[in-house]
Amino acid sequence: MAIGDMDATTALSPDLPAAAAVARRDAAVRAAVAQGLVGQGAPVAALLDIVGIRRSAAALRSAFAEVTAAPVLHAFAVKAAPLVPVLRLLRKSGLGAEVASPGELALARAAGVKPSHTVLDSPAKTPAELRQALALGVAVNADNPQELARLDTLTRSAPTRSAIGLRVNPQTGAGSIDALSTATATSKFGVGLRDTGAREWVVRAFLDRPWLTRLHTHSGSQGVPLDLLAEGVRTTYELAEEINQLAGRRQVDTIDIGGGLPVNFDSDSEAPTFAAYARILQRTVPGLFDGRYALVTEFGRALLAKHGTIVARVEYTKAAGNRRIAITHAGAQVAARTVYAPQSWPLRIAAYDAEGRPKTGAAVAQDVAGPACFAGDLLAENRPLPLLEPGDIAAALDTGAYYFATPYAYNSLARPGIHGFSAGTDGGVRFATIRSPQTVEEVVAESGGEHIRTLDAL
């Protein structure tokens, strides 16, 4: 994230919360080594800062409470961290869940998230998925006219408590990462409002369906500037105003503004903040916050990314082409986005010694490589770091969302254990298992081990 995306005060003043987070992380890495969570028996593990997560959830709720007295449901985007204990933690912190598949819905339910605090989004919902959501009372955002026609049939056949909305694409443009920009002219998501006749169709769809009460928009996430996110929300708000005026009543009573707050991957500072974004929204769309509309948000990465760390033991070091290379146990299987799109997803790497203490010394340009069998399996390339040696720990920072929680099974590498931690003022660190390390027996079972003889008869 560019420095221009930050508040000037954030960029220029000491970031005390960031310093505290670094201290907690350093204490956790050392404790993880001491307690054997990472090391010879567990060459790669993931750590989640529970104090940091709770503070981010509180900051989100506070940011929107400052700009509106209307109800706000903050629905965590489950895809960012599909981990039941984390979803439960967020639920207890006042958040709901945004889900996009039967699996994610099952995870939210397992975590105790109420159906009324759950929102189902997806561009490919099946009739069975829609039927289940309507039966449970989960809110549904239809993606397209064909899905809305399915909902016509389903709502006629059985009553539902579900709030139902329609996703629209404001077509306001892309950010710096095309794959994460969902408000482009040809995005696969929602109804494109600038397409010929589309806006008129949306208005008529609402006027013909009194039960259609929500509008949903989401312009993208990482790489999308805040003013572009706010412009998408403004366009959707203006559409809601038009629908309500023509309906002669407040038919659209809730606007789902999606998520998308970008994360600073350049330093430990948490910027831009939820408060900064809420203020930009308030300036851009003041009518949205006058109490007439309930709101839904769907943040994911911004809540968790800064609070996760992948720690991996350095197995070997070597040199090739006069460049040092540290071979670690963290690569594509836990950081697929960085490995396959390093320009869009560069990660900071921190170096720790074999006892988990931050390494010091002169910075040496070196590659930090993973264990997968292809040349591009690199967490960092030509990165200046204190020289890594066998037994040291390489830590990939800011990986709390979309990294170790959504593993990639390349080379049948086992999924790492994930451990939540809290660090006390006395320097003591307590861990709790979020997901156990995958065993090789589980790898075999997942790869069809129970069906070993099924092909013999063919």
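Residue numbers count from 1 along this sequence.
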Using a 6.0 Å cut-off, check whether atom [atom1] of [X] has over 12 heavy atoms from anything other than its own residue.
X	atom1	answer
Asp456	CG	yes
Arg61	CZ	no
Arg323	CZ	yes
Arg88	CZ	no

Does the side chain of [Y] come within less than 4.5 Å of [X]'s, by heavy atoms?
X	Y	answer
Leu89	Ile53	yes
Asp227	Thr284	no
Ile325	Ile327	yes
Tyr340	Trp345	no
Asp121	His218	no
Leu413	Pro371	yes
Glu270	Ser56	yes
Leu95	Phe299	no

What are the two closest non-hydrogen atoms of [X] and [Y], and how far apart are they?
X	Y	answer
Ala335	Leu347	CB-CD1, 4.4 Å
Asp353	Ile393	O-CG1, 3.8 Å
Thr217	Val168	OG1-O, 3.5 Å
Thr254	Val296	CG2-CG2, 3.8 Å
Ser422	Val51	CB-CG2, 4.5 Å
Leu304	Ala81	CD2-CB, 3.4 Å

Does any N or O in the side chain of [X] come within less than 3.5 Å of the main-chain N or O of [Y], such that one atom is a donor and the other an acceptor?
X	Y	answer
Gln366	Leu385	yes
Asp377	Gly331	no
Thr273	Ala276	yes
Asn411	Cys373	yes
Lys306	Asn264	yes
Thr454	His451	yes
Glu441	Thr439	no
Thr328	Val314	no
Thr317	Pro390	no
Arg313	Gly39	yes

Pairwise distance [atom1]([X]) to [atom2]([Y]) - rounded to 0.5 angstrom:
X	Y	atom1	atom2	answer
Thr297	Leu60	OG1	CG	5.0 Å
Arg109	Glu104	CZ	CD	14.5 Å
Thr338	Gln343	OG1	CD	11.0 Å
Ile418	Leu37	CD1	CG	12.5 Å
Asp367	Asn382	CG	CG	6.5 Å
Arg348	Arg383	CZ	CZ	10.0 Å

**Verdict with reasoning, Val339 to Phe374, per side chain to side chain contact (heavy atoms under 4.5 Å, CB included)** = CA-CA 11 Å; Val339 168; Phe374 65 99; 3.6 Å; yes
**Message:** For Arg24, give me all partners under side chain to side chain donor-acceptor pair (under 3.5 Å), at least two apart in sequence or on another chain.
**Reply:** Asp49
**Asked** Who are the side chain to side chain donor-acceptor pair (under 3.5 Å) partners of His419, not counting sequence neighbours?
**Response**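 Partners of His419 under the side chain to side chain donor-acceptor pair (under 3.5 Å) test: none.
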**Message:** Does Leu261 form a side chain to side chain contact (heavy atoms under 4.5 Å, CB included) with Leu226? I'd like the steps, not just the answer.
**Reply:** CA-CA 7 Å; Leu261 188 70; Leu226 300 190; 3.6 Å; yes
**Message:** Which residue is it: Leu130, Leu134, Leu136, Thr118? I am looking for the one with a side-chain contact (heavy atoms from CB on, under 4.5 Å) to Ser162.
**Reply:** Leu134
**Message:** Using salt bridge (Lys or Arg N to Asp or Glu O under 4.0 Å), reason through Asp256 and Arg214 one step at a time and then give a plain yes or no.
**Reply:** CA-CA 7 Å; Asp256 184 335; Arg214 292 185 173 188; 5.6 Å; no
**Request:** Answer yes when Glu442 and Arg415 have at least one side-chain N-carboxylate O distance shorter than 4.0 Å, and no when they do not.
**Result:** no
**Lys125 bridged to Glu147 by N-O distance under 4.0 Å** = yes
**Message:** Determine whether Phe404 and Leu48 satisfy the following criterion, side chain to side chain contact (heavy atoms under 4.5 Å, CB included), listing intermediate values before the conclusion.
**Reply:** CA-CA 10 Å; Phe404 50 73; Leu48 271 173; 4.0 Å; yes
**Request:** Could you tell me whether the side chains of Asp398 and Tyr403 share a donor-acceptor contact shorter than 3.5 Å?
**Result:**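 Not at all, the side chains of Asp398 and Tyr403 share no donor-acceptor pair under 3.5 Å.
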**Item:** Check against side chain to side chain contact (heavy atoms under 4.5 Å, CB included), Leu281 and Leu288
**Value:** CA-CA 8 Å; Leu281 286 171; Leu288 184 62; 5.6 Å; no
**Asked** Quick check, are the ring centers of Phe64 and His74 under 6.0 angstrom apart?
**Response** yes
